[in-house]
Amino acid sequence: MTSAIETDLLPFTSEIRPEGLAVGGVLLTELARCSGTPLFVYDEDHLRRRCREAVAAFGQGNVAYASKAFLCTAMARLAHEEGLLLDVASGGELRVALHANVPAGRIVLHGNNKDEAELRTAMSAGVRHVVVDSFDEMDRIERLYAEEQLPPVRVQLRVAPGVAAGAHEAIRTGGNDSKFGFGLVGGTAAAAVRRAAGSLAMVLEGVHAHVGSQVLDPAELAAGAAAVARFAAETRVHRLTVGGGLGVAYEAGQTVPSFATWAARVRTAVRDAGWGGDVTVEPGRSIAARAGLTLYRVGTIKRIEGVRTYVSVDGGMSDNLRPALYGSRYEAFLPHDPRAPRPLRARLVGKHCESGDVIVDEAALPAETAVGDLLATPVTGAYGYAMASNYNKLPRPAVVFVSDGRARTVVRRETEEDLLRLDVDEPARLVVPPTTVGSGAGAARCVGTA
């Protein structure tokens, strides 16, 4: 590819000026100068518009933002302000949502292995419902209800409909061989319905399924919805949730269904399957991905004659794990001249001590790309910051929202001091009586703090 970066991969408010690309009325080169790199930049107007499009397609109260795609206090508030429920997948995400003053009744708790602390918080706070994933989880809920007198909790049961979709095996979640949900095959899901319906600790509200992520064919999403809709109709539950999974374009030439198309296909599928009620969905990537991009600074260019060119930047797999995890593909460009042709083929890599630390395996870049250039990878708003780590003790990047010519930091950049905050370098102190962990002659003794 020698052409300029496709504008369809950029946030909605992107504007090419003589000085370079602006998003939300703010030049990316100025953002990098003021806030440093690596840097996650989100178009706030883009996020809000996508939230509104989802609500318009599926109806008020029928859209939950899948916060695992990207969550911070500001994002939780934005989604809530735009009428979305918050779908959280851990106690930590639940805490962020509550800290953002999202009412508990607007929060849904997911997770295939929720512990008692997470369930205790959810039941005490009064979340909208818990998506129950196993019989062990039912045991925990009933124990908290009986022993701690926590109130009954509304639940939806996650089922594995036997339909798997997605761009990579690791993000196909709806098949029979999955760690998620009660299988429709063999009657496991039916047994779960009977137990939940007969439990004093649970109020059975509905069923839930999610077939996979980064799905570009709405027929696959519709097939999964139909399978779980048939089960929902047979069991006569009150609510049906068909998850998220709608994909986005990461590279030029990819086509993506609209929310309206997704809604129409799903509604037809569930109606034909016998379901006459509303349908709830949980988009995450399709809300956040294109709204965000990542800014890097080029530090090294290494040309290996007859092999390839390596362009190294100041981030890497610690701020975008998806290429290493899923083989995900991205594009790249120079924000100071986004219209520039990109004839140079190079492997865009990070600064980590891993050969697999690859951001774009075969990036198209301008021929004049040089050390010190600001470089951007678009469509990184989902699962970039959310999966960020401190590998090699790199501080995680800052996150900024831009809108109407203003930028605001919503997550500050970590510092090297932050990397030491949790280290304990003083002698161990005995704060609890020693206990035996495990059993047998080799059992360990607990003598320190946790």
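For this chain, numbers begin at 1 and follow the sequence in order.
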Non-hydrogen side-chain atoms of Val132 and Gln156 separated by less than 4.5 Å: no
Counting heavy atoms not belonging to Arg308, are there more than 12 under 6.0 Å from its CZ? yes
Backbone N/O of Pro11 and side chain of Ser14: donor-acceptor pair under 3.5 Å: yes
Please name the pair of heavy atoms, one in Val26 and one in Ala407, separated by the smallest distance, quoted to 0.1 Å. CG2-N, 4.3 Å
Check whether any side-chain N or O of Thr268 sits under 3.5 Å from a backbone N or O of Arg265 as a donor-acceptor pair, and report yes or no. no
Under 3.5 Å, is there a donor-acceptor pair between the side chain of Asn62 and the main chain of Asp278? no
Test ring-ring contact (aromatic ring centres under 6.0 Å, His included) applied to His129 - qualifying residues, sequence neighbours left out: none
Side-chain (Asp357) to main-chain (Met317) donor-acceptor, under 3.5 angstrom: yes
Would you check if Pro283 and Tyr65 make a side-chain contact, meaning some heavy-atom pair closer than 4.5 Å? no
Would you please name every residue forming a salt bridge (charged side-chain N to carboxylate O under 4.0 Å, His left out) with Glu205, sequence neighbours left out? Arg154, Arg239
Keeping the roles fixed (side chain from Arg50, backbone from Ser286), state whether a donor-acceptor pair exists under 3.5 Å. yes
So, Asp45 and Arg48, do they make that salt bridge, N to O below 4.0 Å? no
Table please: side-chain donor-acceptor pairs of residues 391-398 below 3.5 Å, with sequence neighbours left out.
| from | atom 1 | to | atom 2 | distance (Å) |
| --- | --- | --- | --- | --- |
| Tyr391 | OH | Glu354 | OE2 | 2.6 |
| Asn392 | OD1 | His352 | ND1 | 3.2 |
| Asn392 | OD1 | Cys353 | N | 3.1 |
| Arg396 | NE | Glu414 | OE1 | 3.3 |
| Arg396 | NE | Glu414 | OE2 | 3.1 |
| Arg396 | NH2 | Glu414 | OE2 | 2.7 |

Ignoring hydrogens, what is the shortest heavy-atom contact between Val237 and Gly206? Give both atom names and the distance. CB-CA, 3.8 Å
Do you know the tightest heavy-atom contact between Leu10 and Arg290? O-NE, 2.5 Å
Do the non-hydrogen side-chain atoms of Val400 and Leu39 ever get within less than 4.5 Å of each other? yes
Salt bridge or not between Glu137 and Arg140? Use side-chain N to carboxylate O under 4.0 Å. no
Which pairs would a plain distance check flag for residues 221-236, meaning a side-chain donor or acceptor within less than 3.5 Å of a matching protein atom at least two apart in sequence or in another chain?
| from | atom 1 | to | atom 2 | distance (Å) |
| --- | --- | --- | --- | --- |
| Thr235 | OG1 | Phe231 | O | 2.9 |
| Thr235 | OG1 | Ala232 | O | 3.3 |

Is there a donor-acceptor pair closer than 3.5 Å between any side-chain N or O of Thr241 and the backbone N or O of Val281? no
Could I get the full list of ring-ring contact (aromatic ring centres under 6.0 Å, His included) partners for Phe70, not counting sequence neighbours? Tyr42
Are a donor atom and an acceptor atom from the side chains of Thr261 and Ser258 found within less than 3.5 Å of each other? yes
Looking only at heavy atoms, which two atoms of Phe333 and Leu365 are closest? And how far apart? N-CD2, 4.5 Å
Are the side chain of Glu118 and the backbone N or O of Asp115 linked by a donor-acceptor pair below 3.5 Å? yes
For Arg143, salt bridge (charged side-chain N to carboxylate O under 4.0 Å, His left out) partners two or more places apart: Glu116
Supply the atom-to-atom distance Leu144 CG to Asp139 CG, rounded to the nearest 0.5 angstrom. 11.0 Å
Is there a side-chain contact between Val410 and Arg408 in this structure, where contact means two heavy atoms from C-beta onward sitting under 4.5 Å apart? yes
Above 12 or not: heavy atoms from other molecules or residues under 6.0 Å from CD of Glu362? no
For the pair Glu93 and Lys68, find out whether any cationic side-chain nitrogen is under 4.0 Å from an anionic carboxylate oxygen. no
Tell me the closest heavy-atom pair linking Gly61 and Arg128, and the distance in Å. O-NH2, 4.0 Å
Is any side-chain heavy atom of Leu9 less than 4.5 Å from a side-chain heavy atom of Glu6? yes
Distance, nearest 0.5 Å, that separates CD of Glu282 from CD1 of Ile287: 12.0 Å
Donor-acceptor contact below 3.5 Å, side chain Arg342 vs main chain Ser3: yes
Side-chain heavy-atom pair Val379, Leu293 within 4.5 angstrom cut-off: no
Qualifying residues under salt bridge (charged side-chain N to carboxylate O under 4.0 Å, His left out), relative to Arg329, sequence neighbours excluded: Glu251
State whether a side-chain donor-acceptor pair under 3.5 Å links Asn320 with Tyr383. no
So, the side chain of His210 versus the backbone of Gly244: is there a donor-acceptor pair under 3.5 Å, distance only? yes
Test of understanding: with side chain to side chain donor-acceptor pair (under 3.5 Å), list the residues that count as partners of Asp314, not counting sequence neighbours. Thr37
Distance to the ring centre below 6.0 angstrom and angle to the axis at most 45 degrees; does that hold for Arg49 and Phe12? yes
Using the salt bridge (charged side-chain N to carboxylate O under 4.0 Å, His left out) criterion, which residues pair with Arg413? Sequence neighbours excluded. none
Donor-acceptor pair, distance only, cut-off 3.5 Å: does the side chain of Asp319 make one with the backbone of Gly316? yes
Pairs touching residues 77-112 that satisfy ring pair (Phe, Tyr, Trp, His ring centres under 6.0 Å), sequence neighbours left out: His110-His208
Find out whether Ile5 and Glu331 are in side-chain contact, i.e. whether some heavy atom of one side chain is under 4.5 Å from a heavy atom of the other. yes
For the student: nearest non-hydrogen atoms of Gly284 and Ala69, plus distance: C-CB, 3.7 Å
Who pairs with Tyr250 by ring-ring contact (aromatic ring centres under 6.0 Å, His included), at least two apart in sequence or on another chain? Tyr330
Please name all residues satisfying side chain to side chain donor-acceptor pair (under 3.5 Å) with Ser199, sequence neighbours left out, ordered by chain then number. Glu142
Would a 4.5 Å heavy-atom cut-off, applied to side chains only, mark Leu295 and Leu375 as touching? no
